[in-house]
Amino acid sequence: QKEVEQNSGPLSVPEGAIASLNCTYSDRGSQSFFWYRQYSGKSPELIMFIYSNGDKEDGRFTAQLNKASQYVSLLIRDSQPSDSATYLCAVKGNNNDMRFGAGTRLTVKP
Amino acid sequence: GAGVSQTPSNKVTEKGKYVELRCDPISGHTALYWYRQSLGQGPEFLIYFQGTGAADDSGLPNDRFFAVRPEGSVSTLKIQRTERGDSAVYLCASSPQGAGTQYFGPGTRLLVL
């Protein structure tokens, strides 16, 4: 079992719709959770982080964490074509090591 | 301020050669991470430095890979006897402290022929 699992996609949504990206992790001791966006040929850039159970909102983005289910998700409201990218879920353990999922490729169609 | 920088941006080498990849973190960041990313995959953790010491090197795939950070700032990832399977993008990230947000550099694209 991989430590961090994501659906590889591609996930395609129309412009203006909500995109929902999901991630599960295996290490129950994981402390913090991150979503990165990566455009093709570029390095990852941080979108959001979340430490506590529940929802965290930042503009059009909402991160959701459920530690009991070992599940973290990212919702993108009012999706734009510029949101088209690969979204990486990352989980940090007690030792500050970061483990990434393989990423979900999102396409937002105009 | 300046972000994380990595040199070279691209490196082509022959199988069996030795390569060094350099990472210059954001000034003042004590934590530095190295990752390797293959096409279609997420970044794969290699090693994490806190200051000058390697706090976690469990991700280094074998003893051909070694990294140093002698003065707690710039880091060098060294790969001996390169193999074609080492071809990937090598990413460096830094954070103000181990628990902080990581900021990535542009990466070094290594191609082993």
Side-chain angles (χ1 to χ4, degrees), chain A residues 2-11 21-27 29-52 56 58 61 63 72 74 85-107, chain B residues 2-7 9-10 21 23-26 29-51 53-61 67 88-111:
Chain A
K2 290 184 181 177
E3 294 178 77
V4 181
E5 296 217 41
Q6 298 180 251
N7 290 330
S8 61
L11 173 65
L21 305 161
N22 305 313
C23 172
T24 58
Y25 59 94
S26 60
D27 183 2
S30 299
Q31 297 295 312
S32 47
F33 308 86
F34 302 80
W35 283 99
Y36 282 82
R37 178 175 62 197
Q38 187 172 28
Y39 293 112
S40 181
K42 302 294 185 182
S43 56
E45 54 181 335
L46 181 72
I47 299 175
M48 289 190 71
F49 60 87
I50 185 166
Y51 300 143
S52 304
K56 179 181 178 182
D58 184 1
F61 299 95
V72 58
L74 179 70
T86 295
Y87 288 80
L88 298 164
C89 172
V91 175
K92 186 175 281 189
N94 286 328
N95 200 31
N96 288 323
D97 57 309
M98 189 94 97
R99 307 298 185 194
F100 283 82
T104 298
R105 190 154 52 93
L106 172 67
T107 300
Chain B
V4 179
S5 62
Q6 293 186 245
T7 55
S9 55
N10 292 281
L21 311 179
C23 172
D24 206 332
I26 294 171
H29 281 194
T30 60
L32 185 147
Y33 299 77
W34 282 101
Y35 298 89
R36 176 171 69 175
Q37 188 173 27
S38 300
L39 196 63
Q41 299 296 314
E44 173 193 4
F45 170 79
L46 296 177
I47 186 169
Y48 153 52
F49 286 92
Q50 185 61 254
D56 184 350
D57 64 357
S58 62
L60 294 177
V89 176
Y90 288 80
L91 294 164
C92 175
S94 70
S95 68
Q97 54 195 12
T101 299
Q102 295 184 22
Y103 299 89
F104 281 84
T108 293
R109 285 159 181 75
L110 175 66
L111 177 60

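If you're wondering where the values come from, they're calculated on a predicted model, not measured in any experiment. Letters A, B, ... mirror the listed sequences (proteins, then strands); counts begin at 1.
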Quick one: closest heavy-atom pair of [X] and [Y], and the distance?
{"X": "A:M98", "Y": "B:Y35", "result": "CB-OH, 3.1 Å"}
{"X": "B:Y33", "Y": "A:K92", "result": "OH-NZ, 3.8 Å"}
{"X": "A:G41", "Y": "B:R109", "result": "O-NH2, 2.6 Å"}

Check the surroundings of atom [atom1] in [X]: do more than 12 heavy atoms from other residues, nucleotides or ligands lie under 6.0 Å from it?
{"X": "A:F49", "atom1": "CZ", "answer": "no"}
{"X": "A:R105", "atom1": "CZ", "answer": "no"}
{"X": "A:N7", "atom1": "CG", "answer": "no"}

Next on the checklist: Counting heavy-atom pairs closer than 4.5 Å to chain A, which one of B:D56, B:V89, B:L91 comes out on top?
Outcome noted: B:D56
Checklist entry - Given the options B:A55, B:P43, B:G42, B:A93, which has more heavy-atom pairs under 4.5 Å with chain A than any of the others? => result B:P43
Checklist entry - Relative to chain A, which segment of B:P106 carries a heavy atom at a distance below 4.5 Å: side chain, backbone, both, or neither? => result backbone
Checklist entry - Can you say whether B:Q37 sits under 4.5 Å from chain A via the side chain, the backbone, both, or neither, judging by heavy atoms? => result side chain
Checklist entry - Side chain, backbone, both or neither: which part of A:Q38 has an atom under 4.5 Å from a heavy atom of chain B? => result side chain
